[in-house]
S.K.: 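Okay, here's the structure, questions in a sec.
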Amino acid sequence: MKYLATLLLSLALAAPTVVNAQAASVSERDARFLQAAANSGLFEMQASQLAIQAASQERIKEFARMMLVEHEKIDGDLKSLAMMRNIELPIDLEGDRQDTLDALQQDTGAGFDKRYVEQVAVEAHKQAVTLFTEASEKSEDDEIKAFAGKALKTLQQHLQHAQNLAEAAFR
């Protein structure tokens, strides 16, 4: 019995080492990708929450609702990957993303619609597609690479939908 207790204690003490070894093996590029992807998703979700309330066109509100649902799924997978690798993700927007969100909060009506569609729906998705494409091709971590590839397909669909939305909303 004493042997079993010693064995279990040894395993328990070794477990954090295994987790930390996995976290230490994440490349700097992969860690930066996870953090940038989190910032991108946070921006799109916060802006879309705002669009549901402030957009003047129903088609833009529908797009924003879709963004929330689909980005929450991606965000959940992202958080799981980061947690398993002991990577801290941003909880607040960084840089120009916060500036864009602040500007959106000041806009109303057609001005809001135009800024949201151009800067969030289209431009932010172009940037996300670039970010996820690179990770899906160059990540050193197979799980991160698979996550990026799977999410990339969704983001490409979002971009196409956003471009169609821009054409329809501002003819």
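Just the heavy atoms: all of them, side chains too, but no hydrogens, waters or symmetry mates, feed the values below.
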S.K.: Can you name the nearest heavy-atom pair linking Ala166 to Val122, along with the distance?
M.R.: CB-CG2, 4.3 Å
S.K.: Kindly work out whether a path of hydrophobic side-chain contacts (I/L/V/M/F/W/Y, heavy atoms less than 4.5 Å apart) joins Ile74 to Leu159.
M.R.: yes
S.K.: Is any side-chain N of the basic residue among Lys145 and Glu137 closer than 4.0 Å to the acidic one's carboxylate O?
M.R.: no
S.K.: Could you verify whether a donor N or O on one side chain and an acceptor N or O on the other, from Asn39 and Gln35, lie under 3.5 Å apart?
M.R.: no
S.K.: Nearest 0.5 Å, please: how far is CG in Asp96 from CG in Leu101?
M.R.: 11.5 Å
S.K.: Of all heavy-atom pairs between Ser48 and Tyr116, which one has the smallest distance, and what is that distance?
M.R.: OG-OH, 2.8 Å
S.K.: Is Leu68 reachable from Leu50 through a run of I, L, V, M, F, W or Y residues, each pair having side-chain heavy atoms under 4.5 Å apart?
M.R.: no
S.K.: Taking a hydrophobic cluster as the set of Ile, Leu, Val, Met, Phe, Trp and Tyr residues connected by side-chain heavy atoms closer than 4.5 Å, whether directly or through intermediates, do Leu104 and Ile52 fall within one such cluster?
M.R.: no
S.K.: Can you name the salt bridge (charged side-chain N to carboxylate O under 4.0 Å, His left out) partners of Arg32, sequence neighbours left out?
M.R.: Glu28
S.K.: How far apart are the C-alpha atoms of Lys79 and Asp75, what are their side-chain angles, what is the distance that settles it, and do they pass the side chain to side chain contact (heavy atoms under 4.5 Å, CB included) test?
M.R.: CA-CA 6 Å; Lys79 285 179 179 175; Asp75 188 57; 3.1 Å; yes
S.K.: Taking Asp141's backbone N and O only, do any of them form a donor-acceptor pair with Asp30's side chain (distance below 3.5 Å, no angle check)?
M.R.: yes
S.K.: Examine Met45 and Leu155 and state if one hydrophobic cluster contains both, with Ile, Leu, Val, Met, Phe, Trp and Tyr joined whenever side-chain heavy atoms are less than 4.5 Å apart.
M.R.: no
S.K.: Just verifying a value: how many Å separate Lys138 NZ and Phe33 CZ, rounded to the nearest 0.5 Å?
M.R.: 13.0 Å
S.K.: Rounded to the nearest 0.5 Å, how far does CE of Met84 lie from CG of Asn86?
M.R.: 12.0 Å
S.K.: Under the 3.5 angstrom rule, does the side chain of Ser136 hit a backbone N or O of Thr133 as a donor-acceptor pair?
M.R.: yes
S.K.: Minimum heavy-atom separation for Ala55 to Ile60, with atom names?
M.R.: CB-CG2, 3.6 Å
S.K.: Would you say Gln156 and Leu152 make side-chain contact, with heavy atoms under 4.5 Å?
M.R.: yes
S.K.: Is there a donor-acceptor pair closer than 3.5 Å between any side-chain N or O of His71 and the backbone N or O of Met67?
M.R.: no
S.K.: Does Arg115 reach the main-chain N or O of Gly111 with its side chain, forming a donor-acceptor pair under 3.5 Å?
M.R.: no
S.K.: Start with the C-alpha distance between Gln163 and Lys126, add both sets of side-chain angles, then the distance that settles side chain to side chain contact (heavy atoms under 4.5 Å, CB included), and finish with yes or no.
M.R.: CA-CA 10 Å; Gln163 290 168 328; Lys126 284 181 181 177; 4.0 Å; yes
S.K.: Can you see whether Asn164 engages Gln160 through a side-chain donor-acceptor pair at a distance of less than 3.5 angstrom?
M.R.: yes
S.K.: What's the shortest heavy-atom distance between Glu123 and Gln119, and which atoms?
M.R.: CB-O, 3.7 Å
S.K.: Would you name the heavy atoms of Ile87 and Ala31 that are closest together and state the gap between them?
M.R.: CD1-CB, 3.8 Å
S.K.: Step by step, work out the side chain to side chain contact (heavy atoms under 4.5 Å, CB included) result for Arg85 and Ile144.
M.R.: CA-CA 10 Å; Arg85 286 154 181 78; Ile144 293 175; 3.9 Å; yes
S.K.: Report the C-alpha distance between Glu58 and Arg65 in whole Å, list the side-chain angles of each, state the deciding distance to 0.1 Å, and finish with yes or no for salt bridge (Lys or Arg N to Asp or Glu O under 4.0 Å).
M.R.: CA-CA 11 Å; Glu58 187 57 35; Arg65 282 189 283 274; 2.6 Å; yes
S.K.: Can you tell me how far the CG atom of Leu78 sits from the CG atom of Leu42, to the nearest 0.5 Å?
M.R.: 10.5 Å
S.K.: Would you indicate whether the side-chain heavy atoms of His125 and His161 approach each other to under 4.5 Å?
M.R.: no
S.K.: Salt bridge or not between Lys73 and Asp77? Use side-chain N to carboxylate O under 4.0 Å.
M.R.: no
S.K.: Any idea which heavy atoms bring Ser56 and Ala110 closest together, and the distance?
M.R.: OG-N, 4.1 Å
S.K.: Are any of the side-chain nitrogens in Arg97 or Glu44 under 4.0 Å away from the carboxylate oxygens of its partner?
M.R.: no
S.K.: To the nearest 0.5 angstrom, please state how far the CG atom of Asp113 sits from the CD atom of Gln57.
M.R.: 5.0 Å
S.K.: Please report the C-alpha distance between Gln98 and Glu94 in whole Å, then the side-chain angles of each, then the deciding distance to 0.1 Å, and finally whether the side chain to side chain contact (heavy atoms under 4.5 Å, CB included) criterion is met.
M.R.: CA-CA 6 Å; Gln98 184 61 55; Glu94 299 170 353; over 6 Å; no
S.K.: Give, for atom CD of Gln106 and atom CZ of Phe112, the distance between the pair rounded to the nearest 0.5 Å.
M.R.: 11.5 Å
